[in-house]
Amino acid sequence: DGCGHTVLGPESGTLASINYPRTSPNSTVCEWEIRVKPGQRVQLKFGDFDIDDSDSCHSSYLRVHNGIGPNRTEIGKYCGFDFQMDGLITSKSNEVTVQFMSGIHASGRGFLAAYSTTDKSDLITCLDNASHFSEPEFNKYCPAGCVIPFADISGTIPHGYRDSSSLCMAGVHAGVVSNTLGGQINVVISKGIPYYEGSLANNVTSKVGPLSTSLFTFKTSGCYGTLGMESGVIPDSQITSSSILEWPNQTGQVNIWKPENARLKRVGPPWAALISNEHQWLQIDLNKEKKITGIITTGSTLAEYYYYVSAYRILYSDDAQKWTVYREPGMDKDKVFQGNTELYQEVRNNFIPPIIARFFRINPLKWHQKIAMKVELLGCQFSIGRAPKITLPPPPPPQNKNDENTDFVDDFIHSVKTSLQTDKTTFTPEIKNTTVTPSVTKDVALAAVLVPVLVMVFTTLILILVCAWHWRNRKKKTEGTYDLPYWDRAGWWKGMKQFLPTKSAEHEETPVRYSSSEISHLRPREVPTMLQTESAEYAQPLVGGIVGTLHQRSTFKPEEGQEASYADLDPYNSPIQEVYHAYAEPLPITGPEYATPIIMDMSSHPSTPLGVPSISTFKAAGNQAPPLVGTCSKLLSRTDSASSAQALYDIPKGQPGPGSADELVYQVPQSVAHSTGSKDE
């Protein structure tokens, strides 16, 4: 009568004294016999040990034996308050006996221990939590039986569990390990969150928890996605049931709670059975075999109808004819899953190991008022290597042992099918000494042809795209460099001039020339402006505001501001003002006293002397300025009439009238000496 919480699994388990963690009663005894597979040994680890030692382990103690029965041998006898057991107690065989004796005592919590086979070197107990470990990530082995009433957890997946939670109990809640089998957990520690939610899963209730400095989660295979009930991937035609509840409401309208209503989080009524008994079921056809790892259920979710299922069984099949009831490994009883405790809360149950099936059936066993529920299945696609084609040998001659041969073939087919139900098989199983021949030759040959072809096609497409991109960029670059039909050429050159080096005075200049195609698209008003601003090496002088071009040694720089045009006022009709140019530079010591004068083209006028070239070159030999035809004072003299001003300037070639349109050279003011002669006439 001294046995407390006990779960003895095939490879691990948990045992505790009666009333643990409270004081155990006086004069009680309990004995546990632990067996594992032959050839293995047992290791025992204590999570808590607090036994009265006032009489030197005479009446209250814990004793561990090698073996079971009268031939067992003692390993050790232990007692003491808050006794710290260093290391593990290891047996010499696959059988161990643990005996607890409680005599007359006033205090002492008793003990809690875990056991496993010796190959589980990282065994922990159900009392260990994340705060006991400093590593940010670690692997541990949880024993069976860690769903204990005296341990608490806070949190849920995927947000995580509070660091004060029992690692193994949280692992059961998360569906990572089974309470009846135990298993390996991979724990990751991270920063805590302000609030931890509570939920019910795998018969473990997680409580709401406050802020903590850290939390932990579990690394899993990732096969926990929804299979299509909520999303509608599973069509209505693949959801059936044993019966459907139909009833008229107060207005006389008939309500039908059909099986397709059993979709989790769907607004409206659920599926409900017409008759509430243990023979009702809800069936889901997944269309093909899937790996099913869990199920989530709710009640009716309608406040006026307080219906829900509190316990159920799970059945599965490949053909909807032969059904298998889900049982945990090593158990000879059907597993009964805990359902809902009210109509709203979502309750999750996981299948360890997972179910591999196409047809899935829920059989309610307990309910509140009526059988009504909404569900969602968890899992993933079931993928294996290409199944071998089973070729049976020809039937033997008729014998009296046909039944035995048939049974053998059926067992063989079942064993092959079972061996293929693995999650990570990526190759064709190699089966020796049988008549099973893998049929993969054609697929391999087809893949060997298709893969290179696809690679070549994709490579060709990529090369075409890259070449087209380069050709397009080259075309854009060419247009931007040599063809500038829409740019303001004068403004562009003027802006770029400041970045170009200044040429030396000794270099010869080439006359500025423009083709008619470049001028034709400009308005007449813009022609002189372009001609004036195009020059990269000459600035306009102060003597005129229309057009002028000076030699390179001119001391004038371009005038910033508004460009001159034919619409500008006549500078000779303006009052004489003393002009000081802001950008004038001092003349070189060896240069002439005055700015380089202008050599004017008068060949196109009747009064122009013979021998004057038709194109102005603006060149002076050496540093000496060419002789002036007139004088500077006469160039700066005012003219009182507009006609005399017009006599000094000619229109540009290229305008309607005589002249060549192929080569346009703008004419500069006529010589004063010649203009005087014409004026006398």
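One is the number of the first residue; the rest follow in order along the sequence.
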Hey, does Asp82 have a side-chain heavy atom less than 4.5 Å from the side chain of Arg109?
yes
Name all pairs fulfilling the ring pair (Phe, Tyr, Trp, His ring centres under 6.0 Å) condition that reach into residues 311-335, sequence neighbours left out, sorted by first residue then second.
Tyr312-Phe337, Tyr326-Phe337, Tyr326-Phe351
Heavy-atom pair with the smallest gap, counting every atom of Glu11 and Lys37
OE2-NZ, 4.1 Å
Return yes if a side-chain donor-acceptor contact under 3.5 Å exists between Ser212 and Tyr196, otherwise no.
yes
The reported gap from CG in Asp53 to OG in Ser59 (rounded to nearest 0.5 angstrom) is 10.5 Å
Tightest non-hydrogen contact, residues Pro143 and Thr14, listed as CG-OG1, 3.8 Å
With side chain to side chain contact (heavy atoms under 4.5 Å, CB included) as the criterion, how do Ser107 and Asp52 come out once you've worked through the C-alpha distance, each side chain's angles and the decisive distance to 0.1 Å?
CA-CA 7 Å; Ser107 63; Asp52 186 8; 5.7 Å; no
Taking the inter-plane angle between the rings of Phe49 and Phe46 on a 0 to 90° scale, is it parallel (under 30°), tilted (30 to 60°) or perpendicular (over 60°)?
perpendicular
Minimum-distance pair of heavy atoms, taken over all atoms of Ile355 and Ile314
CD1-CG2, 3.8 Å
Any non-hydrogen side-chain atom of Leu200 less than 4.5 Å from a side-chain atom of Gln338?
yes
May I have the step-by-step check of side chain to side chain contact (heavy atoms under 4.5 Å, CB included) for Arg348 and His173, ending in yes or no?
CA-CA 9 Å; Arg348 173 174 47 83; His173 182 272; 4.0 Å; yes
To the nearest 0.5 Å, what is the distance between OG1 (Thr226) and NZ (Lys265)?
9.0 Å
For residues Gln280 and Ser243, is any side-chain donor paired with an opposing acceptor at under 3.5 Å?
yes
Validation row: Val347, Ile296 side chains within 4.5 angstrom (heavy atoms):
no
With Glu137, which residues qualify under salt bridge (charged side-chain N to carboxylate O under 4.0 Å, His left out), at least two apart?
Lys219
Full working for side-chain hydrogen bond (donor to acceptor under 3.5 Å, both in side chains) between Lys374 and Thr301
CA-CA 9 Å; Lys374 297 179 181 180; Thr301 66; 2.9 Å; yes
I'd like to know if Cys168 pairs up with Cys146 as a disulfide, counting it only when the SG to SG distance is below 2.5 Å.
no
Interatomic distance, Asp48 atom CG to Thr125 atom OG1 [nearest 0.5 angstrom]
9.0 Å
In Å, rounded to the nearest 0.5 Å, how long is the span from CG of Asn66 to CD1 of Ile75?
3.5 Å
Is the centre of the Tyr115 ring less than 6.0 Å from the centre of the Trp32 ring?
no
If you define the side chain from C-beta out and look only at heavy atoms, does anything of Ile234 sit under 4.5 Å from Leu286?
yes
Does the pair Glu346 and Ser199 meet the rule for a side-chain hydrogen bond (donor to acceptor under 3.5 Å, both in side chains), with working shown?
CA-CA 8 Å; Glu346 295 182 2; Ser199 64; over 6 Å; no
Apply side chain to side chain contact (heavy atoms under 4.5 Å, CB included) to residues Val204 and Met169 and explain how you reach the verdict.
CA-CA 8 Å; Val204 178; Met169 192 170 175; 3.8 Å; yes
Between Pro270 and Trp257, which heavy-atom pair has the shortest distance, and what is it?
O-CB, 3.2 Å
Give a yes/no on whether the SG-to-SG distance for Cys126 versus Cys142 is below 2.5 Å.
no
Looking at every non-hydrogen atom in both residues, tell me the closest pair between Gln99 and Glu31 and how far apart they are.
NE2-OE2, 3.3 Å
When every non-hydrogen atom of Val172 is compared with those of Ser178, the smallest separation belongs to CG2-C, 4.4 Å
Compute the centroid of each ring, for His5 and then for Tyr20, and state whether the two points are separated by less than 6.0 Å.
no
Any idea how Tyr308 and His368 line up, ring-wise: parallel (<30°), tilted (30 to 60°), or perpendicular (>60°)?
parallel
Aromatic plane relationship, Phe133 with Phe138 - under 30° parallel, 30 to 60° tilted, over 60° perpendicular:
tilted
Does a side-chain heavy-atom distance below 4.5 Å link Ile51 with Phe100?
yes
Please report the interatomic distance CD1(Ile371) to CE(Met373), rounded to the nearest 0.5 Å.
9.5 Å
Does any non-hydrogen side-chain atom of Gln184 lie less than 4.5 Å from one of Asp122?
yes
Under 3.5 Å side-chain donor-acceptor pair for Thr118 and Gln43:
no
Going by heavy atoms in the side chains, are Lys366 and Val336 under 4.5 Å from each other?
no
For Tyr61, give me all partners under ring pair (Phe, Tyr, Trp, His ring centres under 6.0 Å), at least two apart in sequence or on another chain.
none
Out of curiosity, Arg72 CZ to Glu33 CD, how far, rounded to the nearest 0.5 Å?
7.5 Å
Evaluate the criterion side chain to side chain contact (heavy atoms under 4.5 Å, CB included) for residue pair Leu127 and Ile148; output intermediate values, then yes/no.
CA-CA 9 Å; Leu127 300 179; Ile148 48 182; 4.3 Å; yes
